[in-house]
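Inspection log for the structure reproduced underneath, given as structure tokens.
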Amino acid sequence: MTSRRRRELTEEERLLWRHVVRHVEPLPGKAVPPEPAPPPTVPETATAAPPKVARARSAPPRPPGVPPKPHAPTAAPYRPTPPPPPPIPPLAKLARKERTALSRRSRRPDATLDLHGMRQGEAHLALHGFLHRAAAQGHAIVLVITGKGAPGRDVGSAALFEERGVLRRLVPHWLAEPGIRGLVLGFEPAAHHHGGEGALYVRLRRRDGR
């Protein structure tokens, strides 16, 4: 059996004890119990010290002229690489039977675009819009008239600054641009009755990709 710890009396309780003892007569053979001892005082130096807080160790100072150590690069999140688009076959001439039918006038182009009198920027936009519309309508072979080119006649006009036959040389390059390259299978100079060297037969890709 464990002994119960004796509780120390407070100052008020000891004053009450003295008051009671002065008015109480002890029994025969009994003595008045001694006054309870006051609670021990705790010296100020014995107060509990605050807990020590661990401080983070700071890095030693970097010598002058030494660059800081680079941080380790974080790994980038994994992103799967999308598959490359299918390759577009190179531009080619028209099939022999198609060329023969156009030359013998047994077949006509499905649509015609005439770039005569247009500046480069205007002609470029017109060609893009024309080919997209023709492909959307399911046309197979279209005729693009560039003209053979002629020098400017009016002195001081803007036509003098344009090279002769510039559209005739630029249109084949435009047909290979990414904006319309996916629509075009091939092209070649038109027959004489369709403009000869000043026009092009352009074969468009079908909706099924052929």
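Computation of the quantities below employed the complete heavy-atom set of this structure, encompassing side-chain atoms and omitting hydrogens, waters and symmetry-equivalent molecules.
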Minimum side-chain heavy-atom gap I145-L113 below 4.5 Å: no
Quick check: are there more than 12 heavy atoms from other residues, nucleotides or ligands sitting under 6.0 Å from NE2 of H193? yes
When rounded to the nearest 0.5 angstrom, what is the spacing between CH2 in W174 and CD in Q120? 6.0 Å
Within-4.5 Å side-chain heavy-atom neighbours: V184 and R203: no
Given side chains that start at C-beta, do those of I141 and L204 come closer than 4.5 Å, heavy atoms only? no
May I ask you to check whether over 12 heavy atoms, not counting those of E197, lie within 6.0 Å of atom CD? no
What pairs with E122 under side chain to side chain contact (heavy atoms under 4.5 Å, CB included), at least two apart in sequence or on another chain? M118
Okay, side chain of S103, backbone of A191: is any donor-acceptor separation there less than 3.5 Å? no
On a heavy-atom basis, the closest approach of H128 and I180 is ND1-CG2, 3.6 Å
Could you pull out all residues at least two apart from H132 that satisfy ring-ring contact (aromatic ring centres under 6.0 Å, His included)? none
Less than 4.5 Å apart, side chain to side chain, heavy atoms only: is that true for L94 and L102? yes
I'd like to check the side chain to side chain contact (heavy atoms under 4.5 Å, CB included) partners of A176; sequence neighbours left out, ordered by chain and number. L91
Is any side-chain heavy atom of L115 less than 4.5 Å from a side-chain heavy atom of V144? yes
Measure the shortest side-chain to side-chain distance between D110 and L143 over non-hydrogen atoms and say whether it is less than 4.5 angstrom. no
